[in-house]
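Quick note: residue numbers are just sequence positions, from 1. No experiment lies behind these values; they were computed from the predicted model shown. One-based numbering, in listed order, for ligands and for the atoms of each.
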Amino acid sequence: MANENLPFHPSPSIPALNLPTGACDAHCHVFGPAADFPFAPQRTYTPVDAPWSTLVDLHEKLGLDRTVLVQASCHGTDNAAMLDAIARSNGTCRGVGMVARDVSDAELQRLHDGGVRGIRFNFVTHLGQDADTDAVRELAARIAPLGWHAVVHFEADRLEVLAPLLKTLPVPLVIDHMGRPDASRGVDQAPFKMLLDLMEDDRFWVKVSGAERITKSGPPYADAVPFARTLVTRFEDRVLWGTDWPHPNIKKNMPDDGALVDLLTQIAPTEELLKKLLVTNPSRLYWPETI
Ligand code: 0GY
């Protein structure tokens with residue numbers, strides 16, 4: 001039996017920070033409901049049901065107007081729950097899918113028509129088998145003509161081996177959760193320096209999400225802030241942010257999503273940086289037709 005996840009925060013606070021119009025949560029998930037959208041048999045965890053309607057209520061409370069849903073390993077390559085949510089969103093939601101190596105061109109087109117703009121590759125031990133590197137090369141070449149990007153999710157100590165592969169891919173690369181460094185080791189640690197080096201190449205983007213994942217000190221995540229702030233101030237045009245709701249595999253201190261929003265005052269300390277992070281940058285990747 002796959003390990004059972006904890007429920008998401010039952011009553012997130014209303015943030016003090018007013019978010020700019022068009023603000024986007026560029027990393028969150030819908031899970032199930034299992035009765036309608038069963039989880040993948042090969043999953044390594046069983047999430048709580050986290051339906052679109054609950055996410056819509058949360059976003060309204062937080063002041064978020066747009067959403068990027070990211071396919072998580074518990075749904076495998078069955079993107080149905082995500083596509084269903086996008087279809088209900090009236091154009092305010094786009095997605096990042098997961099696909100099999102032998103996915104057909106027709107299926108890629110169906111995903112595109114359904115609002116998908118990228119695919120995700122996992123290299124995270126607790127999520128099961130790594131993406132196959134030959135498949136990554138093949139799929140990156142196939143999504144390039146669609147104008148899509150690849151989202152790459154890895155543990156910090158994998159970057160040294162992965163970087164040469166990532167540098168050869170013909171698509172923009174978006175790195176999840178700041179490359180998952182151990183925040184207690186500080187911003188001078190080797191994996192984070194390696195990430196900063198990668199970011200010097202314009203094709204790389206990074207999500208300054210996951211403070212609650214990389215922290216060792218716990219809420220309010222003071223040890224994680226310098227990582228996010230460094231990325232936002234150095235690479236202001238290629239950073240994204242997301243709540244990561246409903247926070248799969250968080251084992252303790254389930255985050256208050258309102259507090260995560262308020263952390264943005266430290267992560268993106270000016271109005272201009274905040275607007276780039278939450279509005280301009282996600283528009284470039286997910287709603288380019290609106291720019
Ligand atoms: C995340 C992080 C996690 C889960 C997944 O694909 C997934 O199942 O990404 C995690 O457990 O660290 O991005 O939500």
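- Nearest non-hydrogen protein atom to atom 1 (C) of ligand 1 is H177 NE2, 3.4 Å.
- Contact atoms of ligand 1 toward N122: 6 (O) (distance under 4.0 Å to a heavy atom of the residue).
- For atom 10 (C) of ligand 1, the choice among H75, H29, H126 with the nearest heavy atom turns out to be H126.
- For ligand 1, the atoms closer than 4.0 angstrom to any heavy atom of N249 are 10 (C), 11 (O).
- Relative ring orientation between H29 and H27 is described as perpendicular, the plane-to-plane angle rising above 60° on a 0-90° scale split at 30° and 60°.
- Side-chain contact, S209 with H177: a donor N or O sits under 3.5 Å from an acceptor N or O.
- For the side chain to side chain donor-acceptor pair (under 3.5 Å) test with D257, the passing option among K61, H59, H9, H247 is H247; the others fail.
- Residue contacts with ligand 1, taken as heavy atom pairs separated by less than 4.0 Å, do not involve V70 at all.
- R158 and T125 share a side-chain donor-acceptor pair at under 3.5 Å.
- With a heavy-atom cut-off of 4.0 Å, H27 touches ligand 1 through its side chain alone.
- Between R238 and D202 there is a salt bridge, since at least one side-chain N of the basic residue sits less than 4.0 Å from a carboxylate O of the acidic one.
- Summary of contacts: the protein heavy atom closest to atom 12 (O) of ligand 1 is R180 NH1, 2.7 Å.
- Remark: minimum distance from atom 6 (O) of ligand 1 to any protein heavy atom is reached at S73 N, 2.7 Å.
- Taking 4.0 Å as the cut-off between side-chain N and carboxylate O, E236 and K276 count as a salt-bridged pair.
- Using bins of under 30°, 30° to 60° and over 60° for the plane-to-plane angle, the ring pair W148/H112 lands in the parallel bin.
- Close N/O approach between Q71 and ligand 1 is not found [any backbone or side-chain N/O within under 3.5 Å].
- For R120, the closest heavy-atom approach to ligand 1 falls below 4.0 Å.
- Residue H153 has at least one heavy-atom neighbour below 4.0 Å for each of these atoms of ligand 1: 2 (C), 3 (C), 9 (O), 12 (O), 13 (O).
- No side-chain donor-acceptor contact under 3.5 Å links T92 and N90.
- Residue-ligand proximity, P248 to ligand 1, at heavy-atom distances under 4.0 Å covers atoms 4 (C), 11 (O), 14 (O).
- Residue contact annotation: M98 has no non-hydrogen atom under 4.0 Å from ligand 1.
- One finds no salt bridge joining D244 and K207 here, because no Lys/Arg side-chain nitrogen approaches an Asp/Glu carboxylate oxygen to under 4.0 Å.
- The protein atom (non-hydrogen) at minimum distance from atom 5 (C) of ligand 1 is L127 CD1, 3.5 Å.
- Residues F123 and H153 place their aromatic rings such that the two centres sit no closer than 6.0 Å.
- Remark: ligand 1 and D176 share no N or O pair separated by less than 3.5 Å (distance only, no angle test).
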